[in-house]
Amino acid sequence: MAAASPPASPPHPKRPKMSSSSDPDQEPTSPSAAGADGAQPRAPRYKRRKVAILLGYCGAGYQGMQKNPGARTIEGDLEEALYRAGAVPEADRAAPRRYDWARAARTDKGVSAAAQVVSGRFYVDPPVFTDRLNAQLAPQIRAFGYVRVTNSFNAKKFCDRRRYVYLLPVFALDPSAHPDREAVMASVGSGSELTKCLECSERGRKVPGVMGREGKVPDPALQEEKSVEASREEAAVGSNEDANCDPASTGDRSVDLPIPDNETNTQITEMRSNGAEKCDVQLSGGTLCSEAVPASISETVCPILNSDSNTNSDSVDVDPSFVAEKKGSIETVVTEDGKKQAMDVVTEDEKKQDVDYEGSSLEEMPLRSAFSYTHEVKERFNRILKKYVGTHNFHNFTTRTKAEDPAAKRFIISFAADRVVNLDGIDFIRCEVVGQSFMLHQIRKMIGLAVAVMRNCAPESIYDVAFRKDVNLNVPTAPEVGLYLDECMFTSYNKKWKDSHEAVSMEPYSEEAEEFKLKYIFPHIAAMEHKEGAVALWLHSLNSRNYPDFRYMDNAGTEASIAAAVESVDEGTVPSDNISE
């Protein structure tokens, strides 16, 4: 009788898949690695692993996420850093397809990300790999960690949802803030006049590349010299006012304003006869302005003359009572150095509100408004944003995608703006959108049209046709600086492989991601609005002249009325509304 075989030893327990916090899975070294003479063993070799890297970046100075020849991109810098960190061999350098490279989201130029995910096969040696990778990256690109994933994992295909956040300044929803030129001209004489935004005019001239303009950074020495000259001129104006425009002190000098035609001359004569208290005449065309403008501004001038002064036929005389009244409403703003910077018109309403303009020049003065994100504004804005929720054809909210293309259909899970955050003194509305995927410029165009509707540039009924295949609309695109990728979600993958693999999630790195946003993303958004006025300049372009499709509903109604009238004529009946008198 044969002897019974010994019982088999139990199998070794399965080791869990490693991550950035676990031990490396090294290949065993051969016996020959350590010689009999006690030589140093050969350095261990690491296997190539399929991993998902979680990172964040600030999009300033980059031409987007996707690699583009000849442009500086996040993907280009990241691939080079992976090679220098030893994760990619020399043979696979600049060939991402060889190591199954994939990204969860493709951000546009200037757009940031707080939770981007990329995947591929890399040589990793935790926990040193993350540190070595960050050592090869710019400070505005940070790798938070990585997790082991299945061999079939693809960051783009396995991502279920993507959450983006757009930080929109509260003043963007105020129709009276940063109005366009047509709105300013149309408001003259309406009782609620809009004023020209001098701050954005200066920004548009100085900031290169903004709204299609090419500018140069001004020379600080030249600007200081001009400021001193302007201060001397303002001081001379102030001394003349103190003398009540005495002919003895001013001599025979008078302010002559060229009158282009008889019509403008007649208007000014009528104003004088009616006892007008304000007489602001623009030099170029004689256009009447709504408020007095300081003498330092070259576009307009308010003639302040004595009624006894000798003037020619083209000059304008103003009653002395007007001079005395305006003299009391002009205050000279003095900085800490005691230097005169500008002359500011202070109204009675501003005095009642105790508005303090101390230490600010006219060009640097921010727009002061009582507008805030109240419950009514919040309710209306969220009602507009909810129109995007669901499956729609977003061909009007992207570029180079036709309505017949199946890719134009996208599913938006949620879109809400419920919170207000303050960054460097500016209140921003946190607009959060969650969707399966997004097309090029889609989120920025959705925000752009919503802002246009909130500012009454377009009717809310425009959404009735915005998703139709047979309607093509030119939709405004909001600036890219306020947009950032907040999270990429892999719900289905994590649920399927929860027993053998770690979840691909930003939860273990939430504190690091929040710290990165506070250090890089948020300061960049606030600085761009303070220095360059990214959103403020864009608001000036929201008008029917730049976007004629804002009037699409009006034109569509007119065309429908004409079509109905034609049909009635063909049938032998004419509607009473279309009968001309």
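In this text the structure is predicted, and so the values were computed from the model without any measurement.
- For the side-chain hydrogen bond (donor to acceptor under 3.5 Å, both in side chains) condition, the pairs that include at least one residue of residues 414-424, sequence neighbours left out, are N422-D427.
- Within the 4.5 Å cutoff, no side-chain heavy atoms of V165 are placed close to those of L483.
- With values rounded to the nearest 0.5 angstrom, I426 atom CD1 is found 11.0 Å from I525 atom CD1.
- Across all their heavy atoms, R161 and C159 have their closest contact at O-SG, 3.3 Å.
- A distance-only check finds no donor-acceptor pair linking the side chain of D174 to the backbone of F371 [under 3.5 Å].
- With N546 contributing its side chain and S541 its backbone, the two residues share a donor-acceptor pair below 3.5 Å.
- With values rounded to the nearest 0.5 angstrom, Q442 atom CD is found 11.0 Å from T399 atom OG1.
- No donor-acceptor distance shorter than 3.5 angstrom exists from the side chain of N393 to the backbone of K409, with no hydrogens or angles considered.
- A heavy-atom distance below 4.5 Å is not found between the side chains of L485 and V111.
- Heavy atoms only, all atoms of each residue included: V117 and C488 are closest at CG2-CB, 4.3 Å.
- In summary, the side chains of D77 and Y57 do not present any donor paired with an acceptor at a separation below 3.5 Å, with no hydrogens or angles considered.
- To the nearest 0.5 Å, the span separating CG on L385 from CD1 on I412 amounts to 11.0 Å.
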(request) Evaluate side chain to side chain contact (heavy atoms under 4.5 Å, CB included) for R468 paired with N396, printing each intermediate quantity in order. (result) CA-CA 9 Å; R468 286 171 47 179; N396 285 321; over 6 Å; no
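- P459 is not listed as a side-chain neighbour of Y552, based on a closest heavy-atom distance of 4.5 Å or more.
- From R380, atom CZ reaches atom OG1 of T374 across 11.0 Å, with rounding to the nearest 0.5 Å.
- Considering all non-hydrogen atoms of both residues, V389 and I413 come closest at CG1-O, 3.6 Å.
- For the residue pair Q63/R72, the side-chain donor-acceptor check at 3.5 Å is not satisfied.
- In this structure, CE on M446 lies 10.5 Å from SG on C431, to the nearest 0.5 angstrom.
- Of the residues listed (M65, E487, R106), the one engaging Q116 in a side-chain contact (heavy atoms from CB on, under 4.5 Å) is M65, and it is the only one.
- Listed by first then second residue, pairs satisfying ring-ring contact (aromatic ring centres under 6.0 Å, His included) with a partner in residues 423-482 read Y164-F438, Y388-Y463, H392-F467, F394-F467, F397-F467, not counting sequence neighbours.
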(request) Check the pair R444, E480 against salt bridge (Lys or Arg N to Asp or Glu O under 4.0 Å), reporting the backbone distance first and the verdict last. (result) CA-CA 7 Å; R444 293 166 57 191; E480 71 279 359; 3.4 Å; yes
(request) Would you please test I384 and F415 for side chain to side chain contact (heavy atoms under 4.5 Å, CB included) and show each step? (result) CA-CA 9 Å; I384 294 173; F415 205 163; over 6 Å; no
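- Here the closest heavy-atom approach between residue K445 and residue T398 is recorded as CD-N, 3.6 Å.
- Under the 3.5 Å distance criterion, the side-chain polar atoms of S112 are left unmatched by any main-chain donor or acceptor of Y484.
- Using a 4.5 Å heavy-atom threshold, the side chains of L537 and E532 count as separate.
- A salt bridge between E75 and R103 is present, with a side-chain N of the basic residue lying under 4.0 Å from a carboxylate O of the acidic one.
- Taking all atoms of both residues into account, the shortest heavy-atom contact from G76 to T73 is N-OG1, 3.1 Å.
- Here the side chains of K387 and E460 are in contact, with some heavy-atom distance below 4.5 Å.
- With sequence neighbours left out, Y547 forms a ring pair (Phe, Tyr, Trp, His ring centres under 6.0 Å) with F550.
- Ion pairing of E432 with R430 is present here, as a side-chain N (NZ or NE/NH1/NH2) and a carboxylate O approach within less than 4.0 Å.
- For R163, the CZ atom counts as densely surrounded, since its 6.0 Å shell holds more than 12 non-hydrogen atoms of other residues, nucleotides or ligands.
- Under 3.5 Å, the side chains of R410 and S437 contain a donor-acceptor pair of N or O atoms.
- No salt bridge links R162 with D486; every basic N to acidic carboxylate O contact stays at or beyond 4.0 Å.
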(request) Begin from the C-alpha positions of I141 and L55 and carry the test side chain to side chain contact (heavy atoms under 4.5 Å, CB included) through to its verdict. (result) CA-CA 7 Å; I141 306 177; L55 69 151; 4.1 Å; yes
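- The local environment of CZ in R545 is crowded, with over 12 non-hydrogen atoms from other residues, nucleotides or ligands closer than 6.0 Å.
- The CD1 atom of I443 sits 12.5 Å away from the OG1 atom of T477 when rounded to the nearest 0.5 Å.
- Side chains of Y166 and V433 form no contact here, defined as non-hydrogen atoms less than 4.5 Å apart.
- A salt bridge does not link K469 with E404: none of the charged nitrogens is closer than 4.0 Å to a carboxylate oxygen.
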(request) Just do the side chain to side chain contact (heavy atoms under 4.5 Å, CB included) check on L173 and R455 with the steps written out, would you? (result) CA-CA 6 Å; L173 304 184; R455 294 174 63 88; 5.8 Å; no
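- When every heavy atom of L542 is checked against every heavy atom of P476, the shortest pair comes out as CD2-CB, 3.7 Å.
- Looking only at distances, no side-chain donor or acceptor of D405 sits under 3.5 Å from a matching main-chain atom of T401.
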